[in-house]
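Per chain, numbering begins at 1; letters A, B, ... match sequence-line order.
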Protein chains: 2
Amino acid sequence: MARLPVYLRALTTLSDQGTGTCSSEELAAAAGVNSAKLRKDLSYLGSYGTRGVGYDVDYLRYQIAREIGVTQDWPVVIVGIGNLGQALANYSGFRSRGFRVVALLDADPARHEQVVAGIDVRPFDHLERIVHEHAVAIGVIATPALAAQDVADRMVACGITSILNFAPIVLTVPAQVDIRKVDLSIELQILAYHEQRKTQGASRAEVPGEVPATATEATA
Amino acid sequence: MARLPVYLRALTTLSDQGTGTCSSEELAAAAGVNSAKLRKDLSYLGSYGTRGVGYDVDYLRYQIAREIGVTQDWPVVIVGIGNLGQALANYSGFRSRGFRVVALLDADPARHEQVVAGIDVRPFDHLERIVHEHAVAIGVIATPALAAQDVADRMVACGITSILNFAPIVLTVPAQVDIRKVDLSIELQILAYHEQRKTQGASRAEVPGEVPATATEATA
DNA sequence: AGGAGTTTGTGAACGCGAGAACAAACCGGC
DNA sequence: GCCGGTTTGTTCTCGCGTTCACAAACTCCT
């Protein structure tokens with residue numbers, strides 16, 4: 001389930017606050033979901049709660065972490081060390097959840113010899129060697145859209161079986177490869193959509209159906 | 001619908017390739033969805049296609065853009081100019097889709113007078129003035145988790161009605177405020193979960209939990 | 001020890017989105 | 001002008017996820 005990581009973080013927060021046990025209501029509130037949904041999700045993993053009491057925070061946290069797989073160490077390579085790639089390399093949330101960035105790769109020679117987050121940026125050609133050397137299974141793509149498919153193909157060829165894609169393009173990969181996409185601008189567009197709906201009827205009266213001459217101007 | 005931005009980008013790609021019209025099958029393939037779903041989504045906006053022919057790429061693109069609201073200009077403020085905030089400020093995908101970063105704010109005085117993406121980093125206290133000055137409706141939070149709720153409260157108080165949150169915490173805001181969350185580490189955890197399932201039973205030594213008898217046997 | 005109060009785990013109904021299938025409509029050829 | 005091929009728009013059905021509601025089970029107090 002995609003909600004387990006959310007529960008995991010909520011549990012970590014509770015644990016840091018010194019909470020020893022919690023009810024499904026509390027945890028659901030901290031995770032932002034319905035309590036019945038939370039209980040059903042947890043019961044899918046096993047009966048880790050105690051009726052009349054609740055859940056032991058640290059125990060449940062370990063069980064979820066084990067289920068997700070973050071009790072083990074996941075080596076990760078990041079390809080494309082632009083602004084976003086650098087931000088990802090510096091993101092502390094990775095390391096604290098069992099993900100270890102073992103290499104930063106970039107096709108641009110100007111970026112080699114650069115050091116980001118204490119790691120040397122290396123040529124993209126080193127991908128295969130690094131993947132085999134560190135048994136990397138997860139790759140992150142933070143390149144421009146044009147290069148993303150090539151990078152994905154090379155990753156698959158090297159044996160990587162999970163890809164996190166930040167490039168704004170739909171990648172095609174073999175069925176056995178898991179792929180997830182994060183698109184920053186799509187999230188903003190969804191907000192803009194709701195925002196427009198909110199203010200609509202107040203002062204905006206747009207004429208539908210006509211394509212203005214400037215319609216293609218705003219795209220790049 | 002959350003898929004409209006995906007269609008919009010696929011249409012832009014097709015248009016850049018010089019495609020004048022396209023069928024729902026082609027567009028669905030480019031967007032990575034089912035063609036029936038695509039047609040149903042588009043019919044929700046109106047009858048913008050021609051039976052036996054398909055959709056006019058530029059016309060449909062404008063209609064979707066108008067529906068989402070990206071034909072107008074959306075001023076945006078970014079709060080928290082760490083690595084992620086800088087990456088967001090530099091992200092070209094925002095400007096090309098009608099989002100204009102009008103201000104970068106940070107509580108840390110050491111970051112003021114810094115210039116990121118050609119924009120001065122200013123104190124967080126300037127939020128209210130900037131929001132009123134530029135009629136900002138959308139705010140982006142890229143601060144650490146501890147500061148995020150405070151930032152959100154201040155944003156709401158200033159009149160911001162849509163928030164994109166990158167901090168790893170569940171924010172509570174009034175009902176009329178839209179909020180979307182992007183969590184980079186959660187995506188990786190989901191990949192790790194599937195990755196673990198893939199390799200389970202092959203060569204992984206079972207990690208023993210603290211419940212020996214009830215450990216789930218993965219051999220079935 | 002027993003009962004009252006709480007909380008988990010789960011069975012059942014509800015709602016919603018996804019996908020298949022089909023009728024209406026359009027284009028091009030004859 | 002009509003007919004076959006093509007593609008949209010829409011209806012219907014199916015399956016899944018969510019939510020309500022309740023029994024089982026545990027703790028605490030008397």
**Q.** A/Arg39 CZ - C/dT10 P separation (whole Å)
**A.** 11 Å
Q | Side-chain heavy atoms of B/Ile160 within contact of B/Val131, under 4.5 Å | A | yes
Q.
Just N and O in the side chain of A/Thr50: are any of them under 4.0 Å from OP1 or OP2 of C/dT8?
A. no
Q | Distance below 4.0 Å between B/Ser23 side-chain N/O and D/dT7 OP1 or OP2 | A | no
Q. Tell me, for nucleotides 11-18 of chain D in 5' to 3' order, what letter each nucleotide earns: B for a base near a protein heavy atom under 4.0 Å, S for only sugar-phosphate near one, - for neither?
A. BB-----S
Q: Walk me through it: do A/Tyr7 and A/Asp41 pass the test side chain to side chain donor-acceptor pair (under 3.5 Å)?
A: CA-CA 10 Å; A/Tyr7 303 156; A/Asp41 287 344; 2.7 Å; yes
Q | Closest listed nucleotide, where the reference is the side chain of B/Ala36 and the choices are C/dA20, D/dT8, C/dC26 | A | C/dA20
**Q.** Atom-to-atom span, CD of B/Glu25 to P of D/dT8 - whole angstrom
**A.** 8 Å
**Q.** Euclidean distance, atom CG of residue B/Leu45 to atom P of D/dG9 [Å, nearest integer]
**A.** 10 Å
Q | Check against salt bridge (charged side-chain N to carboxylate O under 4.0 Å, His left out), A/Lys198 and B/Asp178 | A | CA-CA 10 Å; A/Lys198 273 188 252 180; B/Asp178 272 309; 3.5 Å; yes
**Q.** Closest listed nucleotide, where the reference is the side chain of A/Arg51 and the choices are D/dT7, D/dA23, D/dT27
**A.** D/dA23
Q) Hey, is the side chain of A/Tyr55 poking within less than 4.0 Å of OP1 or OP2 on C/dT6, counting only N and O atoms? A) no
